[in-house]
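Each remark here refers to the structure printed beneath this line.
Index from 1, following the sequence. Counting convention: from 1, in listed order, for ligands and their atoms alike.
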Amino acid sequence: MRSPLPIGCALALLPLAAAAQQKPANYDEAAIPPYTLPELLKTQAGRTVQTSTDWNALRRPEVLGLFEAHVFGKTPAPTQWGKVVFETLSTTETALGGIAVRKVVRISLPAHPQWKGIEMMLHLPKGASRPVPCFVGASFGANEAVTPDTDLPLSTSWMRPGKDTGVVDNRSTEKTRGTEKDRWQLELAVQAGFAVATYYYGEVEPDRPDGWKEGLRAILSNDGPSTEWKDGDWGAIGAWAWGLSRIADYLQTDPAVDGKKLAVIGHSRLGKTSLWAGAQDARFGVVISNNSGEGGAALMRRNIGETTAIITKSFPHWFTKTYSSYGNNEAACPVDSHMLVSLSAPRAIYIASADEDRWADPKGEFLAGLLAQPVFDLFGKKGYGVPEQPGTNSPVGETVRYHLRAGKHDVTRYDWEQYLPFAKRAFGL
Ligand code: GCU
């Protein structure tokens with residue numbers, strides 16, 4: 001066999017070839033190239049908005065449209081999915097050791113019977129004297145993973161395998177039970193007077209690049225699973241966020257819940273999802289982004305930890321197609337994450353980081369909330385009140401609030417201990 005290069009020379013070329021394929025992540029603050037952020041308050045016609053009325057009428061719709069066109073894609077109109085129906089599958093009066101009522105409700109679309117729907121799990125404080133506020137979130141595991149109770153049937157949906165998930169051959173097993181219970185502090189929330197509604201995100205779309213073929217996106221698409229996604233079409237994050245809004249629909253109908261007091265919450269990719277759900281659906285009066293990182297709260301122009309190039313290569317299905325074109329070309333993107341945060345204004349938003357979660361760029365997550373403040377100012381809403389990222393476990397802020405938890409990429413009891421009183425204050429409770 002003929003070798004085009006002497007062996008020593010070929011070996012010397014190898015690291016270069018590998019480097020050209022994927023730049024390693026930068027973790028040096030001093031090595032972040034300079035960047036300029038898009039102007040938050042300036043309309044595309046060049047006018048700077050100065051009032052909340054102008055923000056709502058002119059700039060907000062533009063910013064939302066830019067996120068649709070360039071990052072997450074456009075959620076289909078309600079006429080495309082039609083009527084939404086709710087069917088209570090089970091009610092348990094003795095959940096969480098007797099302090100909660102647990103309902104499982106199927107949310108489905110009669111116009112699209114091929115979609116099995118969402119099996120939403122709702123934990124309600126038992127014996128509440130009036131309708132309660134409610135947290136709404138998507139979970140990485142199915143209902144049996146979220147609750148510490150062990151009486152639910154195991155989900156038969158496709159699951160991502162993962163360490164300590166008990167998932168075997170992409171299915172839940174007995175070992176899956178309770179594996180997410182620490183992330184969902186149900187007892188704490190219920191004891192604080194909140195309901196918690198969760199759904200397994202894979203019921204809307206399995207989380208893998210070709211997952212849409214088996215998910216709601218293919219079903220709602222006019223072209224079915226043979227479609228090629230076009231620029232501006234919604235990605236999986238958009239679909240998962242859609243699921244959160246359908247839960248909000250259900251919660252308007254349940255007399256045990258105060259449908260005007262909903263807090264949307266999510267961790268990591270599901271934190272990106274909760275930010276996008278909160279941006280689109282004002283029924284979420286509180287928006288919580290837990291360690292959402294790149295494509296979530298972290299500024300995309302800060303080249304540190306995960307980058308646009310890395311995320312769109314690993315998870316192309318999360319975003320609209322156009323978003324990949326901003327890998328190594330962030331300056332061309334007309335938005336950055338401070339604008340995503342601003343879409344929650346004047347509602348309350350909590351951004352949380354963890355100090356060991358350098359992949360998610362904690363400082364970039366902090367900065368997005370700080371730089372969104374001009375919009376909250378238009379509504380007279382106070383933000384962090386400090387210009388610098390605080391130290392660990394020292395939350396700052398009012399309507400826009402932030403903490404840097406000590407520890408790893410995760411949602412913990414500490415995080416919930418901050419979110420519960422934050423949501424109470426925001427809802428005037
Ligand atoms: C990966 C991904 C992140 C994401 C995270 C998660 O680490 O790179 O962007 O937030 O997964 O969802 O757990």
Side-chain angles (χ1 to χ4, degrees), residues 22-27 67 71-72 137-142 145-146 158-165 167 179-180 182-184 198-209 211 235-241 243-244 264-278 287-320 323-324 326-328 330 333 336-337 340-341 350-366 368 404-405 407-412 415:
Q22 182 79 68
K23 282 196 209 156
N26 164 46
Y27 284 108
F67 273 94
V71 185
F72 298 115
S139 57
F140 286 93
V146 171
W158 184 93
M159 304 278 155
R160 275 168 63 83
K163 194 169 161 278
D164 302 329
T165 57
V167 169
T179 47
E180 284 214 47
D182 293 342
R183 285 185 166 174
W184 294 98
T198 55
Y199 90 94
Y200 168 53
Y201 76 141
E203 290 173 349
V204 167
E205 175 167 324
D207 186 5
R208 43 174 219 265
I237 288 178
W240 298 326
L244 295 170
V264 67
I265 182 169
H267 167 60
S268 208
R269 69 198 67 185
L270 297 175
K272 309 180 211 297
T273 304
S274 97
L275 283 168
W276 184 229
V287 179
I288 300 171
S289 150
N290 191 92
N291 305 184
S292 62
E294 186 70 28
L299 291 175
M300 71 187 283
R301 282 168 175 74
R302 271 173 55 86
N303 187 343
I304 192 160
E306 188 173 30
T307 60
T308 312
I310 297 173
I311 201 170
T312 52
K313 188 149 192 270
S314 316
F315 306 103
H317 58 296
W318 290 355
F319 303 96
T320 195
Y323 190 54
S324 324
Y326 301 118
N328 301 322
E330 291 84 353
C333 185
D336 211 317
S337 63
L340 181 58
V341 172
Y350 202 125
I351 302 169
S353 309
D355 68 344
E356 290 172 29
D357 187 17
R358 293 168 68 218
W359 182 242
D361 183 17
K363 187 167 177 191
E365 294 176 326
F366 169 81
L404 176 67
R405 175 179 45 74
K408 290 190 309 220
H409 181 71
D410 205 354
V411 202
T412 66
D415 297 311

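A distance of 6.5 Å separates CD1 in I265 from CG in N290, rounded to the nearest 0.5 Å.
Residues passing the side chain to side chain contact (heavy atoms under 4.5 Å, CB included) test with A138, sequence neighbours excluded: Y199, Y201, L244, L270. Applying the side chain to side chain contact (heavy atoms under 4.5 Å, CB included) criterion to A298, with sequence neighbours excluded, gives D361, E365. Looking at residues two or more places apart in sequence or on another chain, you find a salt bridge (Lys or Arg N to Asp or Glu O under 4.0 Å) between R183 and D410.
The aromatic rings of F67 and W276 are tilted relative to each other, their planes meeting at an angle between 30° and 60°. Note: F315 and H317 have tilted aromatic rings, judged against thresholds of 30 and 60 degrees for the angle between ring planes.
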As a test of reading the model: which N/O atoms of the protein lie under 3.5 Å from N/O atoms of ligand 1, and at what distance?
residue: ligand 1; atom: 7 (O); partner: W359; partner atom: NE1; Å: 3.2
residue: ligand 1; atom: 8 (O); partner: E306; partner atom: OE1; Å: 3.1
residue: ligand 1; atom: 8 (O); partner: E306; partner atom: OE2; Å: 2.5
residue: ligand 1; atom: 8 (O); partner: W359; partner atom: NE1; Å: 2.9
residue: ligand 1; atom: 9 (O); partner: K272; partner atom: NZ; Å: 2.9
residue: ligand 1; atom: 9 (O); partner: E306; partner atom: OE1; Å: 2.6
residue: ligand 1; atom: 10 (O); partner: S268; partner atom: OG; Å: 2.7
residue: ligand 1; atom: 10 (O); partner: R269; partner atom: N; Å: 3.4
residue: ligand 1; atom: 10 (O); partner: K272; partner atom: NZ; Å: 3.1
residue: ligand 1; atom: 11 (O); partner: R269; partner atom: NH2; Å: 2.9
residue: ligand 1; atom: 12 (O); partner: S268; partner atom: OG; Å: 2.8
residue: ligand 1; atom: 12 (O); partner: R269; partner atom: N; Å: 2.8
residue: ligand 1; atom: 12 (O); partner: R269; partner atom: NE; Å: 2.5
residue: ligand 1; atom: 12 (O); partner: R269; partner atom: NH2; Å: 3.3
residue: ligand 1; atom: 13 (O); partner: S268; partner atom: OG; Å: 2.8
residue: ligand 1; atom: 13 (O); partner: R269; partner atom: NH2; Å: 3.4

